[in-house]
Amino acid sequence: MPDVSIVIAAWNAEGFIAQAVSDALAQQGISLEVIVADDASTDSTRSAAAAVSDERVRYVRLPRNGGPAAARNAGFAAARGEWLMVLDADDRMDPGRAAALVGLARTEKADIVADNFRVIAQDGSAPRLHIAEPLDGSFETIDLAMFIRENQLFQTRPGYGYLKPAFRREFLVAHGLAYDPALRIGEDYDLVARALAAGARYVRHRSAGYAYVTRAGSISHRLGAADAWAMVAAEERFQADAPAQGREMRGLLRRRLAGLRDGAAFCDMVEAIKARRPGAFLSALAQRPLAARHFKMPIMARLRRATAQ
């Protein structure tokens with residue numbers, strides 16, 4: 001059994017899948033396998049991945065496009081490693097990352113482990129950390145309350161739900177946990193939240209061995225109304241199944257669900273404006289009037305950029 005199974009979900013990734021596979025194979029100090037989960041690509045993703053000749057690489061293809069969650073689930077189902085780690089096909093990973101995270105997780109008897117990550121823009125701007133902090137190699141423990149508190153929609157702080165965690169495979173199997181295939185955005189948050197509710201121990205290393213590369217057209221850059229309402233539905237399912245909690249937890253859950261509903265209504269408004277459907281806009285506004293406050297966000301972002309120059 002390898003220490004780590006690195007699952008690379010890929011869709012039409014012919015231009016960068018070989019680099020992702022190479023980054024995964026370059027991990028030092030651990031045994032590993034790499035699973036390319038092809039989400040029914042229509043380009044040459046398969047041949048590009050096969051160009052990296054290594055017996056540790058396996059390829060699985062979904063019969064139809066199901067989104068990142070479905071592709072990761074296919075990779076997880078094929079995996080044999082003690083730890084399951086995801087690497088998006090267009091992102092990068094430092095060679096010491098897997099060993100550092102798995103080492104910490106084993107020492108701390110964790111079921112989930114993550115780090116910080118670097119954001120690399122394609123416009124040539126300087127990389128930045130997702131979470132502004134010293135990368136001193138220390139770690140923190142994240143419980144369910146903290147995780148929900150740090151993942152409120154449209155908050156100014158960077159959310160922990162964007163991190164790329166590794167999971168102890170035995171824990172996921174024992175609790176019947178997998179990514180929700182209905183989610184194309186927010187699937188990482190949903191799985192971690194359900195694992196924490198099931199009793200998982202989660203530690204985060206203050207290092208940044210993962211590099212998130214922003215690209216035009218990336219799924220994570222396009223939050224449509226359908227995606228937002230799918231997140232609402234997933235949150236409703238989670239809260240219905242979550243074990244009884246105290247007053248603070250109930251407040252956090254109510255706040256998160258209200259924020260998601262406002263965010264989804266805001267997406268409805270934006271799409272109505274783009275489609276020139278004033279009736280649909282007014283209907284969404286009437287149902288969630290507080291959602292309109294999010295229209296100021298692009299304006300405030302422009303003002304902050306202007307004053308920073």
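The structure displayed is predicted, hence computed values, not measured ones. Just so it is clear, the values below take in all heavy atoms, side chains as well, and ignore hydrogens, waters and symmetry mates.
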| request: Check the hydrophobic clustering (I, L, V, M, F, W, Y; side-chain heavy atoms under 4.5 Å; chains of links allowed) and say if Phe117 and Phe16 are grouped together. | output: no
| Over-ring placement of Arg256 relative to Tyr189, 6.0 Å and 45° cut-offs | yes
| task | Spell out, as yes or no, whether a donor-acceptor pair under 3.5 Å connects the side chain of Asp227 to the backbone of Ile185. | result | no
| Within one Ile-Leu-Val-Met-Phe-Trp-Tyr cluster: Val7 and Tyr59, side-chain cutoff 4.5 Å | yes
| request: For the residue pair Thr45 and Asp38, confirm or rule out a side-chain donor-acceptor distance under 3.5 Å. | output: no
| said: Would you call the rings of Phe281 and Phe295 parallel, tilted or perpendicular, taking 30° and 60° as the class edges? | reply: tilted
| said: Regarding Arg206 and Glu140, does a basic nitrogen lie under 4.0 Å from an acidic carboxylate oxygen? | reply: yes
| query | Checking Arg204 against Tyr160: charged group under 6.0 Å from the ring centre and within 45 degrees of the axis? | reply | yes
| task | Indicate yes or no: does Glu82 engage Arg106 in a salt bridge with an N to O separation below 4.0 Å. | result | yes
| task | Count the heavy atoms belonging to other residues, nucleotides or ligands that lie under 6.0 Å from CD of Glu170, then report whether that count exceeds 12. | result | no
| field | Trp229-Met269 co-clustered via ILVMFWY side chain contacts under 4.5 Å | value | yes
| field | Val4 with Val52, same ILVMFWY side-chain cluster at under 4.5 Å | value | yes
| query | Between Arg56, Arg58, Arg169, which is the residue that forms a salt bridge (charged side-chain N to carboxylate O under 4.0 Å, His left out) with Glu33? | reply | Arg58
| Cut-off 3.5 Å, side chains only: do Asp188 and Tyr179 have a donor facing an acceptor? | yes
| query | Any salt bridge between Lys164 and Asp88, counting N to O under 4.0 Å? | reply | yes
| Donor-acceptor contact below 3.5 Å, side chain Asn116 vs main chain Ile131 | yes
| message | Contact between Met249 and Ile148 at the side-chain level, heavy atoms closer than 4.5 Å - yes or no? | response | yes
| field | Note: Glu187-Arg72 ion pair, threshold 4.0 Å (strictly below) | value | yes
| query | Between Asp94 and Arg97, is there a donor-acceptor pair closer than 3.5 Å when you use the side chain of the first and the backbone of the second? | reply | no
| task | Please name the pair of heavy atoms, one in Ser41 and one in Ala10, separated by the smallest distance, quoted to 0.1 Å. | result | OG-O, 3.7 Å
| request: Indicate yes or no for a side-chain donor-acceptor contact from Arg288 to the backbone of Ala258 under 3.5 Å, with no hydrogens or angles considered. | output: yes
| Any Lys/Arg nitrogen of Arg237 or Asp241 sitting under 4.0 Å from an Asp/Glu carboxylate oxygen of the other? | no
